[in-house]
Amino acid sequence: MGVDLGPLVKDVKKIIKFEDLVGKRIAIDAFNTLYQFLAIIRGRDGTPLKDFQGNVTSHLSGLFYRSLNLIEHDIRPIYVFDGPPNPFKQAEIQRRREIRNEARKKFEEARDLGETEDAAKYAQGSSKLTGAMIQESKEFLSALGIPIVEAAQDGESQAAYLVSTNQAWAVGSQDYDSFLFGAKKVVRNLSMNRTRKIRSTVVTVDIEWLSLEKILFSNNLSREQLIDIGILVGVDFFPGIKGVGIKTAYKLVQQYGSLDIMLEKDIEIRKQKISGLLSSETVQAVKNIFLNPVINKNISSLKWKTPNFDKIREILIEKHNFNSERVETGLSRLKKRGSARQKTLSDFL
DNA sequence: CCAAAGGA
DNA sequence: TCCTTTGGG
């Protein structure tokens, strides 16, 4: 639920394929991905996948098959997990909690009334990522041999840092927020499935590659101005100004140059003085989060290890009753990949 | 979301 | 063999 920069990026996004990412390291926003899995991996009535004890397993299914596909294409994922949230994010966290509770109520109502289609619709927004699920996701990724990075605060900023220090080639996220954090490149829709149906109409979902430099250049903006646009329309750390969307925000920033100047001149936005809508202190504080984020710089070197097959079996089959045949076919794909890599390596030597 | 089964 | 539908946990 990050900032919607849609109209600003629409002309600069490049459609790519998995093959274009061979050998590349992608710093994936873990929370973003896990929430995506929880929202989408569900049965007909909207119920998530669960084991016999009633534990939700949609995220594990998503991580397993997604990782298989990435590894088979020799793409190197790094999962970046959020740390404790920045205090400025509390209001947004509370807002999301309320939206989720509302969705959950509507989901349960519709499900109990047997209104499957409605139930499925509301189910999407009702999922909660628990501490136990986060912990187990880390354990599972480690079993797959995929490196994990713990962010000091926001995963997006930590992922952006990995790109700027050349430890990753791009950030992998559905959100555009990492651009405000200075991510040079972002890859969106990093998935296999090329079609998605939204109410009987089938839409193709392509992998998108976006560069901060191109976005700024084509819109004639600086990164600070992009942040100002974000503050006007709303980001995780500030709700934005009511009634101001991306187009208005862009026009205002182009016209005045910056939020600081708008505040100095105390311009009117929708018949209201801007000084009554946000303070200079707030602007500075929010800008500072994006420009000088708290980063975990103490990262152990990123290594992709041989998967621990027994650990994967233990988590999926023993703990969560995944079908063992399905898991084994998955594992054999991983083994094949491993031997192919070893072969190319020995050829090289 | 992704894999596997089912139809064409 | 390709494309659509169904089921996974």
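Here is the naming used below: chain letters follow the sequence lines, and residue numbers restart at 1 for every chain.
When side chains are defined from C-beta on, A:L38 counts as touching A:V56, because their heavy atoms get closer than 4.5 Å. Residues A:W209 and A:K185 are in side-chain contact: their nearest non-hydrogen atoms beyond the backbone lie under 4.5 Å apart.
Cation-pi check for A:R111 over A:F107 is met; the charged atom lies under 6.0 angstrom from the ring centroid and within 45 degrees of its normal. The cationic atom of A:K138 (NZ for Lys, CZ for Arg) lies less than 6.0 Å from the six-membered ring centre of A:F81 and within 45° of the ring axis.
Atom CG in A:L63 sits about 11 Å away from atom P in B:dC2, given to the nearest Å. Whole-Å rounding puts the A:L190 CG to B:dC2 C1' distance at 14 Å. Atom pair A:Q36:CD and B:dC2:P shows a separation of 10 Å (rounding to whole Å applied).
A:T329 has a side-chain polar atom (N or O) that falls below the 4.0 Å cut-off from OP1 or OP2 of B:dA4. Between A:N69 and B:dA3, a side-chain N or O to OP1/OP2 separation shorter than 4.0 Å is present.
Screening residues 259-284 of chain A for salt bridge (charged side-chain N to carboxylate O under 4.0 Å, His left out) gives A:D260-A:K287 as the qualifying pairs, with residues at least two apart or on separate chains.
Here the options are A:E136, A:Q53, A:E314, the test is side chain to side chain donor-acceptor pair (under 3.5 Å), and the partner is A:K319; only A:E136 passes.
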N/O to N/O distances under 3.5 Å, protein versus nucleotides 7-9 of chain C:
| from | atom 1 | to | atom 2 | distance (Å) |
| --- | --- | --- | --- | --- |
| C:dG8 | O6 | A:R42 | O | 3.1 |
| C:dG9 | OP1 | A:N323 | N | 2.8 |
| C:dG9 | O3' | A:T57 | OG1 | 2.8 |
| C:dG9 | O3' | A:H320 | O | 3.0 |
| C:dG9 | N2 | A:P48 | O | 2.1 |
| C:dG9 | N2 | A:L49 | N | 3.2 |
| C:dG9 | N2 | A:K50 | N | 3.3 |
| C:dG9 | N3 | A:K50 | N | 2.7 |

